Amino acid sequence: MVEPMLSVKGLEAWYGESHVLHGVDIHINQGEVVTLLGRNGAGKTSTLRAIMGLTGRRAGSIKFNGDELVAARSDLIARKGIAYCPEERGIFASLDVTENLLLPPQIAPGGMSVDEIYTLFPNLKERARSPGTKLSGGEQQMLAIGRILRTGAKLLLLDEPSEGLAPVIVQQIGLTVRELKKRGFTVLLVEQNFRFAQTVADRHYVMDHGVVVDHVANHELAGAMDRLHQYLGV
Amino acid sequence: MDLFGIPAPLLFGQLLLGLINGAFYALLSLGLAVIFGMLNVINFTHGAQFMMGAFVAWMLLNWLGIGYWGALILAPIIVGITGIILERLMIAKLYKLDHLYGLLLTFGLGLIIEGLFRNEFGSSGLPYRIPAELTGAWDLGFMFMPVYRGWVVVVAFVMCLATWLVIEKTKIGSYLRAATENPALVQAFGINVPRMMTLTYGAGVALAAFAGVLAAPIYSVNPQMGSNLIIIVFAVVVIGGMGSILGSVLTGFGLGVIEGLTKVFYPEASSTVIFVVMAIVLLARPAGLFGRS
Ligand SMILES: Nc1ncnc2c1ncn2[C@@H]1O[C@H](COP(=O)(O)OP(=O)(O)O)[C@@H](O)[C@H]1O
Ligand SMILES: [Mg+2]
């Protein structure tokens, strides 16, 4: 049996005194697109941040390509080949679009070239010299995704890329995620937009109250609807 | 020749003095702004580090025979390294705490450094000669311009411009600007932000030491030279807007000139005019002229 690319076991995390993850178990195989579903406050963002080393104290295990990362500093985690696109997008106001795009350093060979990224997101090319935060919400999201494709990282953590965007932009983001899968990226995708998740993912984890409460393969989704609606409160 | 009823040589003489003071205000407030932007620490040791620059120049000359030009390069490196050590050993421990702790620590360090130098060298001041290449004066027709003073204004301006270019136009500068906005995310991209903070502190301190070497031939080299200047520099930083690079440079030169002109037109106010400006600016724009609130 092949080892999963990322294997998270019993992950706990704190922000200061507040204990937000209570033993999260997930694994992702090379080349998969896996979502984390769950209502607001379930702990999806915290899970990505904990993997990235951005919460306070962490316990449990985060194995990535065999390396244990649960105690590692976030810059060293990034250098192992994990790239993070935060929920708030994290576009820098004092950098223009090109500077934002070129900011994350290359950590391994095999990343996409700037031209390829511009082909994927033509809007970004037109706005190359605008300050990053002058872009529309959709363009900022494309920039936030685009800038982590250059680095050579093979595992992408995307936090609600469809959030707050118009349906046609959500569609474009969906196309992008499928294109990334085709190019061999592995993606852990946080979503609340169930329909969107369905169109891009291989498997889904459902979180609630800081733990994983369910796990569904994409082709079994139809049969699991009732159960999921309960968790997601829709 | 008279201008506004003031003899031209007097007017231009004071303007030049104002520009020279402004050059030091600009260099020092620039370093403070860079450090504050990145570390969120108001570096109250800055005046002492300026003074150290002048003293290291003096020591290089009198103990090792290394003259002004060597000192201009070596003193900032030496003092910058002491800054890096301070940051690693002490200042870095305080980033997670309130601003106030960094302020108290750096203020205390400044007093200790000044005290050590006073113990060792007394407070009367040591002479440092203008390098031979920069002695003399140019006759500008309406006044005599000492070559060294012209040099200080030009070199300070070039240094400010170079720092600005590095921050605004280079890759390293883009890391610095991004880390000023969101250090955690920049680190999560794989950049060693703690090391960047250390180097930024070292660079800001080196800039203060560079100003100290420039000052050595103008003011006598003495342990108080930094603390006299730094109070005004903090007013400059407050007026320009904490953390604004361009703002601190423009405000530095501008306030030097205003101070010079005040000496001509209303000398009684010349030592307080900057603080009056500060009070007015704070009332109208609490974030400073160039600051983002
Ligand atoms: N910086 C923080 N400090 C303290 N508590 C936090 C912080 N961020 C999130 N939380 C708490 O952690 C829990 C999980 O939040 P989060 O991971 O953002 O959920 P989700 O992304 O699923 O909406 C929530 O109860 C939230 O209030
Ligand atoms: Mg979230």
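Quick note: numbers below take in every heavy atom, side chains included, and nothing from hydrogens, waters or symmetry partners. Computed from a predicted structure; not experimentally measured.
Smallest separation of non-hydrogen atoms from B:Arg177 and A:Leu95: CB-CD1, 3.7 Å. Here the shortest heavy-atom pairing between A:Tyr84 and B:Phe189 reads O-CE2, 3.8 Å. Minimum interatomic distance between A:Leu103 and B:Tyr175 (heavy atoms only, all atoms of both residues): O-CE2, 3.2 Å. Across all non-hydrogen atoms, the minimal contact from B:Ala188 to A:Ser74 is N-OG, 3.8 Å. Scanning all heavy atoms of the two residues, the minimum distance from B:Asn192 to A:Asp75 falls at CA-OD2, 3.5 Å. Nearest heavy-atom pair, B:Ser174 versus A:Glu99, reported as atom, atom and distance to 0.1 Å: CB-OE2, 4.3 Å.
Residue-environment remark: NE2 (A:His22) exceeds the threshold of 12 foreign heavy atoms within 6.0 Å. Residue B:Leu161 places its CG atom among more than 12 non-hydrogen atoms of other residues, nucleotides or ligands, all under 6.0 Å distant. The number of heavy-atom neighbours closer than 6.0 Å to OH of A:Tyr118, taken from other residues, nucleotides and ligands shown, is above 12. Other residues, nucleotides and ligands place more than 12 heavy atoms under 6.0 Å from the NZ atom of A:Lys181. Within 6.0 Å of CD on A:Glu68 lie more than 12 heavy atoms contributed by other residues, nucleotides or ligands. Within 6.0 Å of CZ in B:Arg195 there are 12 or fewer heavy atoms belonging to other residues, nucleotides or ligands. Surrounding NZ of A:Lys9 are at most 12 heavy atoms belonging to other residues, nucleotides or ligands under 6.0 Å away.
Within residues 45-56 of chain A, the residues that have a heavy atom under 4.5 Å from a heavy atom of chain B are A:Met52, A:Leu54, listed by number.
Of the listed residues B:Val193, B:Leu185, B:Val186, the one with more heavy-atom pairs under 4.5 angstrom with chain A than any other is B:Leu185.
With a 4.5 Å cut-off on non-hydrogen atoms, A:Leu76 does not touch chain B at all. Looking at A:Pro86, the atoms closer than 4.5 Å to chain B (heavy atoms on both sides) all sit in the side chain, from C-beta outward. Contact annotation for A:Ala153: neither backbone nor side-chain heavy atoms come within less than 4.5 Å of a heavy atom of chain B.
Rounding to the nearest 0.5 angstrom, the gap separating the CG atom in B:Asn182 from the CD1 atom in A:Ile91 is 10.5 Å. Interatomic distance, A:Thr133 OG1 to B:Glu181 CD, rounded to the nearest 0.5 Å: 7.5 Å.
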